[in-house]
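Read through the structure below, which is laid out as C-alpha cells, and then see the notes.
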There are 2 protein chains.
Amino acid sequence: MENKKSVTIHDIAKELKIDSSTVSRALNNNPRVSAKTKKIVQDKAKEMHYQPNNLASNLRTQKSNTIGIIVPHITKYFFSTAISGIEEEAHKAGYNVIICQSKDSEELEAKNINTLISSRVDGILISPAIKTSKIDHIETAMKRNVPIFFFDRYIKGIETTKVITDDRTTSKELTLHLLEQGIQKLGVLAGDTKVSIYDNRVKGIYDAFKESGLNTESKLILQQIKLDVDDAHDAINNWVQNKVTFDAIFAMNDMAAIGAQIALQENGYKVPDDILVAGFSNEPIAKLVSPPITTVHQPAAEIGKLAAKKIINYIQESDTSILASETAVLKSELIIRASTEKKSTT
Amino acid sequence: MENKKSVTIHDIAKELKIDSSTVSRALNNNPRVSAKTKKIVQDKAKEMHYQPNNLASNLRTQKSNTIGIIVPHITKYFFSTAISGIEEEAHKAGYNVIICQSKDSEELEAKNINTLISSRVDGILISPAIKTSKIDHIETAMKRNVPIFFFDRYIKGIETTKVITDDRTTSKELTLHLLEQGIQKLGVLAGDTKVSIYDNRVKGIYDAFKESGLNTESKLILQQIKLDVDDAHDAINNWVQNKVTFDAIFAMNDMAAIGAQIALQENGYKVPDDILVAGFSNEPIAKLVSPPITTVHQPAAEIGKLAAKKIINYIQESDTSILASETAVLKSELIIRASTEKKSTT
DNA sequence: TTGAAAGCGCTAACAG
DNA sequence: CTGTTAGCGCTTTCAA
C-alpha cells in the first residue's frame with residue numbers, strides 16, 4: 001500500500017514536460033488547446049489513473065456541484081422515492097447530493113442547513129419538518145445566496161420555488177367519491193394541519209362537503225393524530241369504545257389507513273361493507289392488504305426530478321436571473337380499490 | 001441580495017486586527033490560544049455570521065469528513081433504514097454522508113465509486129450490486145487508500161471489513177420451524193445466489209434439512225426469481241398450474257412472500273391451513289397483511305450504525321494501523337406469525 | 001496554442 | 001500565546 005499521494009495535474013504535467021495549466025485545460029476539454037495535446041494528456045491521465053480532486057476545483061471555482069437534500073425521514077417510502085428522483089436527475093447533470101434527515105425536528109433541520117452551507121452546497125431542496133414554525137434558518141440560507149427550494153411540503157410565507165402536488169383537489173375528489181357511496185358520517189384521521197400538505201388535504205375535504213351541500217357539523221368528525229399504524233389503531237379503538245358513529249374513514253396517509261382498517265376488523269366491522277376506508281400516498285403496501293385500500297397516488301419520483309431540474313437550472317443561470325419564485329403543481333391521482341366500494345354498489 | 005461574498009477568517013481577523021491564523025486556532029478551540037481571544041473571536045464570528053468553508057479546510061487537511069454510501073436501491077426499506085443508521089452515527093462524529101444508488105448495476109456502481117473518490121470521501125460503505133462479478137472498481141478504491149467496507153451484502157474474495165447478519169443460522173432456524181409443522185414439501189423462492197445474502201439463506205435451508213435427516217431431493221423445490229411481489233406471484237401461479245405440490249413457501253424476502261401469499265389465496269388455498277408462508281427481512285408490511293407473515297428481523301439500523309462506527313474508527317486511526325479485515329456478524333431474529341402456524345397446532 | 005503566476009479559504013509548521 | 005509563511009490541487013487571467 002504505497003500509493004500514499006494521489007496523482008495531480010502537476011504529476012502528469014511533469015511527465016509530459018508541459019505546464020499544469022495546459023493539462024487542466026486539456027482535461028476540461030477547453031477549446032484553447034490543440035486536439036493533439038488534448039489526446040496526449042488524456043491518455044496519460046488514464047494511464048496514471050488520474051482522478052480529479054473535486055475539493056480543489058470546487059474551492060477554486062466556488063461551487064461544489066453538490067446539492068443538499070433535507071427530508072423528515074429517509075425511511076418513508078414517499079421521501080426515499082423522491083430522493084431517488086432527485087439523485088437521478090442530479091447525477092445526470094454532474095451533481096452530487098448530500099442527504100440529511102430532520103427527523104421532523106426544527107433544531108436538527110437548522111443544524112442540517114448549517115452543515116450544508118459549510119459544505120458549500122450549490123442549493124438545497126427541503127421538505128420541512130412538521131414542527132418548523134420558525135423560519136430563521138431557512139432565511140439564513142437564502143441570505144447567503146444558497147437557493148433553497150421546497151418540495152412536497154412547504155412553509156407559508158417564504159418566497160421561493162416550490163414543487164408540490166394538488167393535494168387539495170385530489171383530497172376533494174376522494175371525499176366526493178366517499179360521499180357518493182352514500183355514507184352518513186365521515187371520520188377523518190388528519191395530520192398536523194400546520195404542515196402544508198395536511199392542511200390542504202383537510203381543505204379538500206371541506207371543499208367536497210361544500211360542493212355537495214352537506215353539513216360538516218353533523219356529517220364529519222375529524223381528529224389530528226400522528227399518522228402511523230399504531231396511533232390510527234388507537235384512535236379507532238377510542239372512537240369505537242366511545243360509541244362514536246361513522247361509516248367511512250379517510251386517513252391522511254396509508255399507514256394510518258391500514259392501522260384503522262385493522263382496528264375496525266378487530267372490532268368486528270367489515271371493510272367495505274360496514275365501513276369504508278381510504279388512505280393517501282399510494283404506498284406499495286396499500287394494495288397488498290385485505291381489502292386493498294383506496295388511496296391517492298402522488299408522483300414522488302417526478303416531484304424529486306422536477307425539483308432537482310429546477311434548482312440546477314436556477315444554479316446554472318443565477319448569475320443573470322432574478323430570484324424566481326414559482327410554484328409547480330404536479331397532478332396526483334385517485335386510485336379506487338376495494339376498501340371503498342360497497343358490494344351493493346358493485 | 002448583496003451578500004455576494006461570504007465572510008472568511010480573514011475578514012474577522014481584519015475586524016479584530018489580529019492574524020487569521022489566530023482566528024483559525026480560536027475557532028478550532030486550539031489550546032494554544034488564550035481563553036480571552038478565543039471568546040472575542042468566537043463572538044465576532046457569530047456576529048458576522050461566519051460559516052466555515054469546509055471545501056478549503058478539507059483541501060488543506062486532505063480529508064473531507066465525508067463518507068460515501070452505495071446501495072442498490074435507496075427505496076428499499078432495509079437500505080433506507082441502514083442508511084438512516086449510518087447517517088446518525090456519522091453526524092454524531094462530525095461526518096457528512098453522500099449517498100449513491102447502484103440500481104444493482106455494475107457500471108453505475110463503478111461510476112459511483114469514481115465519483116466518491118473524486119469527492120475525496122474518507123471512506124466508502126457499500127452493499128454491492130447483484131450483478132457485481134468484476135471487482136476491479138472496488139480494488140481501485142482500495143489501492144487509492146480509501147477504505148471500502150461492506151455492509152449486509154459482500155463480495156467473496158475481497159479482504160476487508162464486513163458488517164453482516166447471521167442469515168445462514170436464522171434461515172436454518174426458520175426452515176426447522178417449518179419442518180416442525182410437519183410439512184411434506186417446501187417450496188423456496190430464492191434470490192440470485194451469486195449474492196452473498198441469498199447464498200447464505202439457501203445454505204441455511206440445506207443445513208436444516210441435513211440436521212433433520214431429510215432428503216432435499218424429494219422434500220424441496222427451489223426456484224430463483226426476482227424477489228418482488230409480481231415475480232413471486234407469477235412463480236406461484238406457475239407452480240399451481242403445473243401441479244407442483246408443496247405445502248409451505250419460504251420466500252427470501254417479504255415482498256416475495258406477500259406476492260406468494262396473495263397468489264395462493266387467489267387460487268383458493270388457505271394460509272396457513274393449506275400452505276404455510278414465510279418471508280425474510282421483517283418489513284413493516286409483513287405484519288399488516290392477512291395473515292401476518294412469519295419472517296426474520298434483521299437489525300438494519302444497527303448494521304448501519306456499526307458499519308459507520310467501524311469505518312470512522314478506521315479512518316481516524318489509519319495512520320498507524322494495518323489494514324484490518326474483520327467480519328462483524330449481527331444476530332437476526334426469527335419472528336413467527338400466523339402465516340406459519342397451523343390452527344391444529346395451536 | 002501554451003506558459004507563468006496568482007489565489008480560492010483554510011491549516012500548520014516554525015519563529016518569536 | 002500570537003504572527004509569518006507556505007501550500008493543499010485546481011482554474012484562470014494575462015502574456016508570450
Side-chain angles (χ1 to χ4, degrees), chain A residues 4-42 44-45 48-66 94 117-122 144-145 319, chain B residues 4-42 44-45 48-66 94 117-122 144-145 319:
Chain A
K4 279 273 158 191
K5 304 230 65 60
S6 41
V7 345
T8 73
I9 52 171
H10 295 104
D11 297 329
I12 106 161
K14 217 170 285 171
E15 285 279 312
L16 259 30
K17 297 192 199 310
I18 58 177
D19 194 84
S20 61
S21 57
T22 308
V23 175
S24 170
R25 281 187 280 253
L27 259 20
N28 291 315
N29 241 310
N30 187 313
R32 291 177 27 182
V33 63
S34 73
K36 204 197 307 171
T37 46
K38 212 175 265 183
K39 176 149 177 38
I40 298 178
V41 169
Q42 283 164 355
K44 197 68 178 174
M48 298 177 71
H49 298 109
Y50 170 75
Q51 201 72 23
N53 184 330
N54 285 345
L55 256 35
S57 78
N58 291 345
L59 175 60
R60 178 61 227 247
T61 58
Q62 302 282 42
K63 41 184 69 251
S64 61
N65 292 310
T66 300
I117 291 178
S118 284
S119 295
R120 292 297 188 271
V121 295
D122 298 329
R144 280 178 192 287
N145 281 327
D319 15 15
Chain B
K4 278 275 157 191
K5 304 230 64 58
S6 43
V7 345
T8 74
I9 51 171
H10 296 104
D11 297 329
I12 106 161
K14 217 170 285 171
E15 285 280 313
L16 260 29
K17 299 192 198 310
I18 57 176
D19 194 83
S20 62
S21 58
T22 306
V23 175
S24 169
R25 280 187 281 253
L27 259 19
N28 290 315
N29 241 311
N30 186 312
R32 290 177 27 183
V33 61
S34 74
K36 202 197 307 173
T37 45
K38 214 175 265 185
K39 175 146 178 40
I40 298 177
V41 169
Q42 284 165 354
K44 198 68 178 177
M48 298 176 72
H49 297 110
Y50 170 75
Q51 202 71 22
N53 185 330
N54 286 345
L55 256 35
S57 80
N58 291 345
L59 175 60
R60 178 61 229 246
T61 57
Q62 303 282 43
K63 40 185 70 253
S64 61
N65 292 310
T66 300
I117 291 178
S118 282
S119 296
R120 292 296 188 270
V121 295
D122 297 329
R144 280 177 192 287
N145 281 328
D319 13 16

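Just so it is clear, the model here is predicted, and its values are computed rather than measured. Residue numbers begin at 1 in each chain, while the letters A, B, ... track the order of the sequences.
K44(B) contributes no side-chain N or O that, together with a main-chain N or O of A13(B), makes up a donor-acceptor pair within less than 3.5 Å. Listed for the D19(A) side chain is a donor-acceptor partner under 3.5 Å among the backbone atoms of S21(A). No donor-acceptor pair closer than 3.5 Å links the side chain of S119(A) to the backbone N or O of V121(A).
One can place CG of D11(A) at 13 Å from C1' of dC10(D), the figure rounded to the nearest angstrom. Separating the NZ atom of K39(A) from the P atom of dT1(C) is a distance of 18 Å, rounded to the nearest angstrom. Following rounding to the nearest Å, L16(A) (CG) and dT1(C) (P) show an atom-to-atom distance of 18 Å. Atom NZ in K17(B) sits roughly 17 Å away from atom C1' in dT2(D) (whole-Å rounding). Distance CG (N58(A)) to P (dC10(C)): 15 Å, rounded to an integer number of Å. Separating the CZ atom of R32(A) from the C1' atom of dA4(C) is a distance of 13 Å, rounded to the nearest angstrom. Between K14(B) atom NZ and dG9(C) atom P there is a gap of 11 Å when expressed in whole angstrom units.
Counting heavy atoms from C-beta outward, V7(A) and H49(A) have side chains that stay 4.5 Å or more apart. For the pair I9(B) and L27(B), the minimum side-chain heavy-atom distance is below 4.5 Å. Proximity of L16(A) to I40(A): side-chain heavy atoms (C-beta onward) are separated by under 4.5 Å at one or more points. Side-chain contact between V33(B) and V41(B): absent, with no pair of heavy atoms (C-beta onward) separated by less than 4.5 Å.
Heavy-atom minimum distance, L55(A) versus L59(B): CD2-N, 4.1 Å. The nearest pair of heavy atoms linking R120(B) to S6(A) is NH2-OG, 3.6 Å. Here the closest non-hydrogen pair linking K63(A) and N58(A) is O-OD1, 3.0 Å. Across all their heavy atoms, Q51(A) and S118(B) have their closest contact at NE2-OG, 3.3 Å.
Between Y50(B) and dG9(C) there is no side-chain polar atom (N or O) within less than 4.0 angstrom of OP1 or OP2.
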Polar pairs (N or O, both sides) under 3.5 Å between protein and nucleotides 6-8 of chain D?
| unit_1 | atom_1 | unit_2 | atom_2 | d |
| --- | --- | --- | --- | --- |
| dG7(D) | N2 | R60(B) | NH1 | 3.1 |
| dC8(D) | O3' | Q62(B) | NE2 | 3.1 |
| dC8(D) | O2 | R60(B) | N | 3.4 |

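Taking five base pairs at each end of the helix from dT1(C)-dA16(D) to dG16(C)-dC1(D), the local helix axes there meet at an angle of 40°, rounded to 10°.
Only S21(B), S24(B), R25(B), N28(B), listed by number, bring a heavy atom of residues 19-30 of chain B to less than 4.0 angstrom from any atom of DNA chain C.
At a threshold of 4.0 angstrom between heavy atoms, the contacts of I18(A) are confined to the sugar-phosphate backbone, with no base atom among them.
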